2 protein chains.
Amino acid sequence: MSKAKTKTDFQAFLQKQGLKSTRQREIILDEFLKGGAHLSTEDLYLKLRKKHPSIGYATVYRTLRLFAECGIAEARDFGDGQTRYESSDLLEHHDHLICTVCGQIIEFEEPQIEKLQEKVARAHGFKIVRHRLEIYGQCPRCKP
Amino acid sequence: MSKAKTKTDFQAFLQKQGLKSTRQREIILDEFLKGGAHLSTEDLYLKLRKKHPSIGYATVYRTLRLFAECGIAEARDFGDGQTRYESSDLLEHHDHLICTVCGQIIEFEEPQIEKLQEKVARAHGFKIVRHRLEIYGQCPRCKP
DNA sequence: GCTCCCCTTGAAAACGATTTTCAATTTATT
DNA sequence: AATAAATTGAAAATCGTTTTCAAGGGGAGC
Ligand SMILES: [Zn+2]
Ligand SMILES: [Zn+2]
Ligand SMILES: [Zn+2]
Ligand SMILES: [Zn+2]
């Protein structure tokens with residue numbers, strides 16, 4: 001999915017929900033799509049502040065939540081006390097390897113694990129809506 | 001591991017760290033070992049309050065953190081904003097199926113998934129310290 | 001363009017879980 | 001019992017997040 005497509009998707013979402021397209025939302029979406037993956041609200045707020053110091057923290061929060069509701073972003077919680085968001089743009093589902101020393105995050109996808117999850121869920125009569133698999137440890141550079 | 005063993009382990013831990021064995025810590029450990037899995041601080045605090053109304057919230061927090069440091073308990077975060085603890089007592093490693101409707105938590109263990117995680121980590125030169133796999137969805141009773 | 005209704009905004013206050021502070025108490029050692 | 005150090009409970013502080021609210025802005029209909 002291209003950035004342009006994401007933007008029109010967001011516009012369509014706003015319209016459908018009776019919400020409004022605003023200058024701030026456009027700016028925040030642009031910066032979000034530009035910035036790296038796994039951004040916290042604070043990360044994004046600080047980036048935005050350089051060019052748009054008048055945009056408030058609360059607006060960034062609200063807008064990221066909107067992105068998640070709309071489906072153009074996904075919320076992640078890596079257990080460091082901050083919610084992070086990543087663009088659904090281009091992304092297939094993936095899980096994460098997280099280095100607890102330097103904070104580096106590596107994305108991976110292992111279809112066999114996904115299949116086995118289905119198997120486990122089926123065995124318990126569960127209907128899977130979503131899942132999270134996070135592997136914490138040390139990356140090659142931080143390994144002793 | 002038996003409860004008695006867990007208790008002596010905790011005593012040994014306290015001694016080694018230059019910490020003290022107190023009435024409150026004994027009471028809290030007893031209640032923790034008695035109570036169900038996946039207890040939040042609040043859960044445990046409320047249980048304790050019935051028999052020991054003078055024990056403070058902060059003490060329960062601090063003591064659960066101690067249990068985790070000592071290794072007799074493990075902290076879990078299922079994303080509902082509360083840290084939960086479960087006893088390492090008797091438990092092998094396991095992962096969780098969580099019903100987002102009724103909150104039911106089912107534990108499971110799938111050795112093949114564990115193996116595949118090792119494989120993924122190896123491929124990225126990662127040394128695994130711990131991991132979390134949580135599958136969210138609807139349990140049989142809550143399925144539409 | 002103008003009007004009106006409702007949505008959105010930014011700042012500050014409120015929130016909820018957790019942590020810290022601090023004076024009083026308890027523990028463990030002498 | 002005396003001492004030093006750790007612990008306690010209550011209250012205040014912290015931190016990420018959410019809500020409140022008055023002021024400002026969007027856009028459908030004129
Ligand atoms: Zn996955
Ligand atoms: Zn990712
Ligand atoms: Zn596992
Ligand atoms: Zn469990």
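So that the names make sense, note that chain A is the first sequence line, chain B the second, and so on, each numbered from 1. Just so you know, these numbers use all the heavy atoms, side chains as well, and skip hydrogens, waters and symmetry mates. Being a predicted model, the structure only gives us computed values, none of them experimental.
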[X] [atom1] to [N] [atom2], straight-line distance once rounded to whole Å:
X       : N      : atom1 : atom2 : answer
A:Arg23 : C:dC7  : CZ    : C1'   : 16 Å
B:Glu26 : D:dT8  : CD    : C1'   : 16 Å
B:Gln82 : C:dC15 : CD    : C1'   : 14 Å
A:Ile28 : C:dG10 : CD1   : P     : 7 Å
B:Leu39 : C:dA17 : CG    : P     : 16 Å
A:Leu64 : C:dT9  : CG    : P     : 12 Å
B:His52 : D:dT8  : NE2   : C1'   : 16 Å

- Message: I need the A:Asp95 CG to B:Gln117 CD distance, nearest 0.5 Å.
- Response: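 One gets 9.0 Å once the value is rounded to the nearest 0.5 Å.
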OP1, OP2 of [N] versus side-chain N and O of [X]: anything below 4.0 Å?
X       : N      : result
B:Thr22 : C:dT26 : no
A:Ser54 : C:dT9  : no
B:Gln24 : D:dG9  : yes
B:Arg25 : D:dA6  : no
A:Arg65 : D:dT19 : yes

- Is any side-chain N of the basic residue among B:Arg84 and B:Glu86 closer than 4.0 Å to the acidic one's carboxylate O?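 Salt bridge: no.
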Would you indicate which nucleotide in [options] comes nearest to any side-chain atom of [X]?
X       : options                : value
B:Thr41 : D:dA10, D:dG16, C:dT18 : C:dT18
B:Thr83 : C:dT18, C:dC7, D:dT7   : C:dT18
A:Gln15 : D:dA28, C:dT29, D:dT7  : D:dA28
A:Tyr61 : C:dG10, C:dT8, D:dG16  : D:dG16
A:Tyr57 : C:dT19, C:dT27, D:dT17 : D:dT17
A:Ala58 : C:dC7, C:dA11, C:dT21  : C:dA11

- Residue mapping more 5' on DNA chain C - nearest nucleotide basis, B:Lys20 or B:Gly81: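 Its nucleotide being nearer the 5' end, the pick is B:Gly81.
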- Can you find a donor-acceptor N/O pair under 3.5 angstrom joining the side chain of A:Arg84 to the base of D:dT17?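 Check fails, no donor-acceptor contact within cut-off.
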- Query: Which part of the nucleic acid does B:Ser21 contact within heavy-atom distance under 4.0 Å: base, sugar-phosphate only, or nothing?
  - Reply: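 Result for B:Ser21 = sugar-phosphate.
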- Would you classify B:Glu42 as touching base, sugar-phosphate or nothing, given that sugar-phosphate means primed atoms plus P, OP1 and OP2, and contacts are heavy atoms under 4.0 Å?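 If one applies the 4.0 Å heavy-atom cut-off, B:Glu42 turns out to touch nothing in the nucleic acid.
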- Task: Say whether A:Tyr136 and B:Leu116 are linked into one hydrophobic cluster, either directly or through other cluster members, by side-chain heavy-atom distances under 4.5 angstrom.
- Result: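 Different clusters: A:Tyr136 never reaches B:Leu116 through Ile, Leu, Val, Met, Phe, Trp or Tyr contacts under 4.5 Å.
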- Query: With nearest nucleotides of DNA chain D determined for B:Ile55 and B:Gly18 from heavy-atom distances, which residue corresponds to the more 5′ nucleotide?
  - Reply: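 Final value for this comparison: B:Gly18.
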- Query: If only atom types and distance count, is the side chain of B:Lys47 paired as donor or acceptor with the main-chain N or O of B:Phe32 below 3.5 Å?
  - Reply: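 It does not hold such a pair.
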- Item | Aromatic contact, A:Phe78 with A:His96 (centres under 6.0 Å) |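 Ring centroids of A:Phe78 and A:His96 are less than 6.0 Å from each other.
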- Message: Using 30° and 60° as the class boundaries, would you call the ring planes of B:His131 and B:His93 parallel, tilted or perpendicular?
- Response: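 Ring orientation, 0 to 90° scale: perpendicular.
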